[in-house]
Amino acid sequence: MTAKRRPGRYGLRFVALGYLAMLLLIPIGMISYRAFEHGFAAARSSVTTPDALHAFYMTIVIAVIAVVANTIFGVGCALLLVRSNFRGKALLNAIIDVPFAISPVVVGLSLLLLYGRTGWFGDVFLNNGIQILFAMPGMVLATIFVSLPFVVREVVPVLHEIGDEQEQAAETLGANWWQTFRRITLPAIRWGVAYGVVLTTARALGEFGAVAVVSGRISGQTETATLWVAREFGQFNTTGAYTASLVLALIAVATLLAMNLFKRKEAS
Amino acid sequence: MSIIVEGARKEFGDFVALDDVSIQVPDGSLTALLGPSGSGKSTLLRVIAGLEQPDSGRVMISGWDATDVPAQKRGVGFVFQHYAAFKHMTVRDNIAFGLSIRKRDNKEIDERVQELIQLVHLEGFGDRYPSQLSGGQRQRMALARALAVEPKVLLLDEPFGALDANVRKELRQWLRRLHDEVHVTTIFVTHDQEEAMEVAGQIVVMNEGRVEQTGQPTDLYEHPRTEFVMSFIGPVNRRGAMFIRPHDLELLQVPAPDAEEAMIERIVRLGFETRVELLLPDGQQIWAQMTRDEAEFDELAEGAIVYARPRRAKVFEANGEPRTEELSAAPGA
Amino acid sequence: MTPVAPGARAEAPPRPVAWPRLGGAALGRGLVTAYLSLIVLIPIAALVAQSIDGGLDGFWTAVTSPLAVSALKLTLISSAIVVAVNVVMGTAIAWVLVRDNFPGKAIVNSVIDLPFALPTIVAGITLLALYGTNSPVGIDIAFTRVGIVVALLFVTLPFVVRAVQPVLLELDQEMEEAAASLGAGPLTTFRRIIFPNLAPAILAGAALAFARAIGEFGSVLLISGNLPKTQVASLFIYAQIQSGNDTGAAAVSVTLLLIALVVLLVIGRLTHWTLRHDR
């Protein structure tokens, strides 16, 4: 307000930005340095081994499945929460958030117990020759679990905000529920959905604890990118670990850019 | 406590909010800063309060230079258009805020708050939160809060701007009476000329960051010094160089010197008042204002031809005093 | 168009509603419930069942074993520290982002979300790159409890900032001006006007940060170095899974889950209570 308050303001700015720099920016800058410490060629060859490539492939396949499943579920669930009334709605609403409150390791453990040899569903699948644990299905289930709430949580407020007048207008003009959804609701919520998809993708790509438990971490088979990074780091193959980390960090930055873009689109 | 502002200038980027503004507000007066939006009236009020620092110029409060004194030390009470109620505090705590900052003892605070609650007619609302009050009640609470610390000066920024028309009317009269009771030097900002005329003892008319004219309400109405003041305070017809108030226009049945032929386009009856909208031969539209009885006596009808003659008109010359032309002394045809 | 007799309207069948209200909504509800059950509820039920496999005594024995107790204690203490730092720094960062102006503010603002977007294992490696054994700045927090706290600070950074920011943006600045005109200095204004209005948002952000911190795994895994003194609850659970002690792992997991739910619930109520006069 007046000139007298300036020093305090600079002090606060210095502390806040300094904290961010120490905690966030400088460490991430270090990653790039560490990755290319031994030259670009070394960095490149360290992450193009068959195991590494397979790990990235696994990550992408799992993320795509999880994102598709959670997007369909998320939009449907959000519609149900906002546009209809039924008993148990508050409970449903609370359960959606459970994945935010639960440790990824615990998610992995739950699936391990459910689908393991002595678990409730263990026999059913094993007797029919379907491998859930230490294979793709278990890893997908784990990833879906941890990234479940994002689309719902982004779409619900948008649905609240747009209200149902447009949908009712479409109904009075003779549109059936699918036409109403396709041509009125979906276009109105699309940036909210997109934002939720980006968050789901980021979470799915980065998942570690839950898949670490259910995958068995078999290199070249059930290893995702994050699991590969952890193993390389543990084996002191730091160039590989840092380079893959850098790749994942760049994906994270791309995610941030997409988030900013979608947030702005949603606001306009 | 008198307030003097000398040569205040304030820019926001390219926009000049105050352009060498000087005003004098006498001790104990009730003054309105009147002007259209963007005229600088709110900025001037905030400069007086210390919420805004002028780029140059001085603010004197009862003789001492307050220009560099921060808002919290100026001893002014400020009331905001949107109340600025502390929404996490009860009415009582809101009103007590300034006193508790001054570390008064609890008994004294309680007594003073009770007094103010009565003064602003909020008895029984002391334990409510602002969200449980109506707009008018919130504004009265904000006033009590500002008055609690016994400010030397009370400043109100469009205090009734966010209220319904009815509540606004009521609060205006109430502010007038409150001022008569408390006698604190008061300045309020408004863009409503009727509000300024009704409440204030002195009006400062502002436009584009400058003071156009300062004076008593009737003075401004009868003797505007500029075209802007003439047309901002009260309705006006413009005919060539002449500015004519609608009630200074008389309608004659027969031609007369200085009278122009006009056709009655529409007659609007507003109870006591009747407005007659006229079309002149050159296509310009003007209107005349009269009482219902006058209109009926003349048997005015839509589509009829009448002769419009100004009784009195103002002419503003490029340099020099505005001139009043008395064209016909006696009213009536 | 054929004119319709006034009486005909009443006899016309009701207009079919666009949303399949009866059949469709029930079907949707069924599908959503089935999906949630399959993905979330049944696995958690299996977890709870395993935790009391040896009866409530077994559960109690498992969570009161010295290793489990020390893991839970370390988790709660470090999470409490993390929340405290987040409350102060998160509010300060939100303040600077809303009220201050400096070049590059937009970039700093979007960087805040990086910990949400970055894989947790990468977060751990990132911190070790700067503050690890070969630290170029001479700060080595690898395999220490300080390291655990720093990792948790990293992954929980956005919660308080993002909770406070919109509230601060919406906060009526005239309240502060009113306080100033009533004689309150900057500190008093912050303490008595700004802080009470930010408190619900700070609490909400703190609750989310706490829930995240007590379950965090990826970022602390490498920093802990697999030592007993740095073994937080999630690492303890992982170690128990590896050694085949399912009941011990499940018991601590259920404890962790209960703590998270209670904290979220209590703070949710508290936030609700502090917001009771807004609107």
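Chain A is the first sequence line, chain B the second, and so forth, proteins listed ahead of strands; every chain is numbered from 1.
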One option among C:Leu153, C:Leu38, C:Val263, C:Val108 has the most heavy-atom pairs under 4.5 Å with chain A, and it is C:Leu153
So, the part of A:Val107 with a heavy atom under 4.5 Å from chain C: the answer is neither
Okay, A:Leu25 and chain C: the region with an atom under 4.5 Å from a heavy atom over there is side chain
| Are any side-chain N or O atoms of A:Arg13 and backbone N or O atoms of C:Asn101, one a donor and one an acceptor, separated by less than 3.5 Å? | yes
Bottom line for A:Ile251: the part with an atom under 4.5 Å from chain C's heavy atoms is neither
Among C:Leu222, C:Leu127, C:Ile237, the residue with the most heavy-atom pairs under 4.5 Å to chain A is C:Leu222
Okay, A:Phe121 and chain C: the region with an atom under 4.5 Å from a heavy atom over there is side chain
Bottom line for A:Met259: the part with an atom under 4.5 Å from chain C's heavy atoms is side chain
With chain A, the option among C:Ala123, C:Ala129, C:Ser253 that has the most non-hydrogen atom pairs under 4.5 Å is C:Ala129
Okay, A:Asn70 and chain C: the region with an atom under 4.5 Å from a heavy atom over there is both
If one checks every heavy atom of A:Leu24 against chain C at 4.5 Å, the contacting part turns out to be both
If one checks every heavy atom of C:Leu157 against chain A at 4.5 Å, the contacting part turns out to be side chain
When the 4.5 angstrom heavy-atom criterion is applied to A:Thr255 and chain C, the contacting part is side chain
If one checks every heavy atom of C:Asn134 against chain A at 4.5 Å, the contacting part turns out to be both
In short, C:Val40 meets A:Phe145 closest at the heavy-atom pair CA-CE1, 3.7 Å
Greatest number of non-hydrogen atom pairs under 4.5 angstrom with chain A, of C:Leu36, C:Thr33, C:Leu257, C:Ile214, falls to C:Leu36
Taking the side chain as everything from C-beta on, heavy atoms only, tell me whether C:Leu128 gets closer than 4.5 Å to A:Phe233. yes
With chain A, the option among C:Leu264, C:Val48, C:Val111, C:Leu235 that has the most non-hydrogen atom pairs under 4.5 Å is C:Val111
Heavy atoms of other groups near A:Phe86 CZ, more than 12 under 6.0 Å
yes
If one checks every heavy atom of C:Asp100 against chain A at 4.5 Å, the contacting part turns out to be side chain
